[in-house]
Amino acid sequence: MTKFSLNDPSVVVVIGSGAGGGTLSNALSNNGINVVCLEAGKRLALEDIVTNEAEMFGKITWLDERQGKGVAPPPFPVWNCKTAGGTTMHWTATCERLLEHELNARSHYGDIKDTTLVDWPVTLDELEPFYAIAEDRLGVTGTNGITRLPGNNNYLVFEAGAKKLGYKDVNTGNLAINSSPRNGRGSCQQLGFCASGCAVGAKWSTLYTDIPEAEQSGHFELRTESMAVRLNHDNKGRVTGVDYLDKNRVRHTQSARAICIAGNVVETTRLLLNSQCKQFPNGLANHSGQVGKNYMRHVMAGVVGVMPGKVHLHRGAHQAGIIKDERPHNDKRGFFGGLLLETVNFTPESMARFLKPGSWGQAYAELLEKYDHMAALLIVGEDPPMSANSITLHPTRKDHYGLPVPIVHYEHHDNSRKMLRYGLDKGRQIYEALGAKQVIEMLDVFPATHNMGTARMGNDPRASVCNHWGQTHDLDNLFISDGSLFPTSGSANPTLTIIALALRQANYLTSRIQSNAI
Amino acid sequence: MAMKRREFLRLNINLALLSLCGGVGAGEIAIPWSGNDKKTLADVLYQLFPHPRLNKDVYKQVTEQISHKIAQSNELASMMKNAMDGLTGNSREKWSMLPPRDKTELLEEIQHTPFFQFVLNETLSGVYRHPDTWKLLGFEGSSLEFGGYINRGFNDIDWLPE
Ligand SMILES: Cc1cc2nc3c(=O)[nH]c(=O)nc-3n(C[C@H](O)[C@H](O)[C@H](O)COP(=O)(O)OP(=O)(O)OC[C@H]3O[C@@H](n4cnc5c(N)ncnc54)[C@H](O)[C@@H]3O)c2cc1C
Ligand code: SF4
């Protein structure tokens, strides 16, 4: 395996090996650029993935302390991974492109009070070629002639209800899950544990795609259990290296020609804020003051229907079901932006935890006994950026690394409340149309799974952190390579766009390095 | 009569709450478990998620798991004793004779205490992670060794309208 020394100034350091960091590392190293990827978590083998939710939660989830404020669940505001492959281990693989109007939110929706809506500095035309590459690389069903997954029971209920409501754009979705073997990965066995890591590797994760491909290039080193804690810079506007803690919490400094941060928003923000210094008193690359602001996580809620017959929603791929009819912007609904409805599944434990959090007693136990009659869906909608929704650092509390604990503050915009009401009603109607005996709404119970916005791209350095390549305005060789870049959220699950942006950034960074501009 | 008894029990709860707020100093010795405490705790767990058709061993096992954690923390042990005294008015026997409705009412009074939340959280994972509970609920557990559900009914639903 290739190894680079700590004082090798030729390497690009990528922080995080998930969707953004894994993709970027692979693209750069296959362009012949030396890459060290620092990954806070361990590296698992496929054999380490078991079909047991509790065990996998302990193995792959980011469990270091965080605090939630507003409607973000206080002890666990964000759900993501600390493991090689990042949250592509947990993810349920829905891959939707953003739409034209979503990339131009400000122009389409207007000047909406209490939001920081803007248009993206990247056009759909510019993104499309990278979406196409991403879909091919991930093997997204419903694209490139790849057959969609067959519908499982939870989907069949969802589809039948959707049809009763007159929805037309309903299918098992565009998923980065193989319906038949492709690119060296096998096909989905409907194991039903997608969010615990796919034990057969049918679901795309950088762990067994981009990371080994990057390693084969001979230009890549994955350094696991290496937690980046501070970025260093010179006084010429360039980052020079990164301090990180190894598994024994011994501090090292890796020199760098350029640094790309893909820590999944909360950690990306924390790293920038923690790298504050005389020149950047509010955090590195934060002359705009926008680092950590405009945090978005999608308008999200769940609906569970207790159906007249058995569903066995645990059998099969979690998110193989989508309704897109509500996605277009439509003033008549009384809110701006659109939403998707997607199937979701829960184990008994997560059902008990999320169905009615904090509940106990006879009535609740009786409800949970109907587990095998339950069908479930999520609504995922466009989340307007708001300045006050933010990630900040706790003034005194430190985690086990000795780093300030992140505080995730999130409130709903009025528009989101209207969208939630609308979406929850639609979800309810889907199940009631099929004779559901009871419908339960899950509102403000989930930790965020999608994170966006805290280092937004823009053309104005006073109002954004990065330019349209994800390069920070303040430091030429510092890049952001995750959902932090999103100026607005759109309604699509974010990862396909994170990957498209990372691929696009890789081209730009490669050309800058090759022309010695960086 | 019943009213009076509940009031009496409530008083005990309030005392328990008071002592809960007191906290425990470091270095205090964990309160040893009595068999009766365990029995009471097992019954409390049952009241939290009562599944009459579930093998009672599940609750016993979860009680053991929780006891194990409590045994390692003086703070939890002391909270536990206070909570038990409060719930049972110092007589574990009396608790076991209360009708479920009264038990629920007493538990409701302490449901916002840290000890209750600890027990609730542990019980939730303990009960709903248990294979016997899965069986009762119709969840089939680990599927890898059986080749997933692709040939085991992932789309076998038969009651949907045409
Ligand atoms: C249950 C669940 C389901 C999801 N389903 C979908 C879906 O269907 N579709 C979709 O589009 N998205 C989905 N997502 C979201 C998706 O997982 C993320 O958008 C995506 O993984 C983000 O990629 P990333 O590279 O930004 O971060 P991650 O994939 O989270 O990778 C970040 C990596 O950085 C590492 N790291 C962080 N900080 C440091 C540091 N300081 N030093 C070193 N390493 C660090 C972490 O350990 C981690 O491995 C889901 C998420 C969850 C939790
Ligand atoms: S349902 Fe399919 S994608 Fe999900 S874990 Fe199982 S095999 Fe993997």
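Keep in mind that this is a model prediction, so the values were computed, not measured. Computed from heavy atoms alone, side chains included, the values below leave out hydrogens, waters and symmetry copies.
For Leu160(B), the part lying near chain A is the side chain, with the backbone staying farther off; criterion is any non-hydrogen pair under 4.5 Å. Ser350(A) does not touch chain B: none of its heavy atoms, backbone or side chain, sits under 4.5 Å away. Using a 4.5 Å cut-off between heavy atoms, Lys370(A) makes no contact with chain B at all. Heavy atoms of Pro50(B) lying under 4.5 Å from chain A belong to its backbone as well as its side chain. No part of Gln117(B) comes within reach of chain A, as not one of its non-hydrogen atoms sits under 4.5 angstrom from that chain. Residue Gln111(B) touches chain A through its side chain alone, counting heavy-atom pairs closer than 4.5 Å. Only the side chain of Ala160(A) comes within less than 4.5 Å of a heavy atom of chain B; its backbone N, CA, C and O stay farther away. In this structure, the portions of Asp156(B) lying under 4.5 Å from any heavy atom of chain A include both its backbone and its side chain. Contact of Arg152(B) with chain A is made through the backbone alone, with heavy-atom distances under 4.5 Å.
Put simply, CH2 on Trp134(B) and CD on Glu349(A) are 8.5 Å apart, with the number rounded to the nearest 0.5 Å. The distance from atom CD of Glu53(A) to atom OH of Tyr128(B), rounded to the nearest 0.5 Å, is 14.5 Å. Rounding to the nearest 0.5 angstrom, the gap separating the CZ atom in Phe49(B) from the CD atom in Glu366(A) is 13.5 Å. Separation of atoms NE2 (His312(A)) and OH (Tyr149(B)) is listed at 9.0 Å; rounding is to 0.5 Å. Between His51(B) atom NE2 and Glu369(A) atom CD the span is 5.5 Å, to the nearest 0.5 Å. Here Leu107(B) contributes atom CG and Trp360(A) contributes atom CH2; the two are 4.5 Å apart, rounded to the nearest 0.5 Å.
Comparing Leu313(A), Val50(A), Val157(A) by heavy-atom pairs within less than 4.5 Å of chain B, the highest count is held by Val157(A). Highest contact tally toward chain A, considering only Pro100(B), Gly153(B), Gly141(B), is held by Gly153(B) [criterion: heavy-atom pairs under 4.5 Å]. The most heavy-atom pairs under 4.5 Å with chain A, out of Asn151(B), Leu120(B), Leu144(B), come from Leu144(B). If you tally non-hydrogen atom pairs under 4.5 Å between each of Pro308(A), Ala317(A), Gly316(A) and chain B, the highest count goes to Pro308(A). In terms of heavy-atom pairs under 4.5 Å with chain A, the best-connected choice from Leu136(B), Ile157(B), Leu137(B) is Leu137(B).
Atom NZ of Lys164(A) sits in a sparse spot, with 12 or fewer heavy atoms from other residues, nucleotides or ligands closer than 6.0 Å. For Glu122(B), the CD atom counts as densely surrounded, since its 6.0 Å shell holds more than 12 non-hydrogen atoms of other residues, nucleotides or ligands.
Put simply, the side chain of Val311(A) reaches to within 4.5 Å of the side chain of Trp159(B), judged on heavy atoms. In this structure, the side chains of Ile150(B) and Cys188(A) stay at 4.5 Å or more apart for every pair of heavy atoms.
Side chain of Asp372(A) to backbone of Phe139(B): no donor-acceptor contact under 3.5 angstrom is found. When atom types are taken as modelled, the side chain of Ser142(B) and the backbone of Asn52(A) share no donor-acceptor pair closer than 3.5 angstrom.
Closest approach of Gly138(B) to His314(A), counting heavy atoms only: O-CE1, 3.2 Å. Smallest separation of non-hydrogen atoms from Gly148(B) and Leu191(A): CA-CD2, 3.4 Å.
The closest side-chain donor-acceptor pair between Asn121(B) and Arg353(A) falls under 3.5 angstrom.
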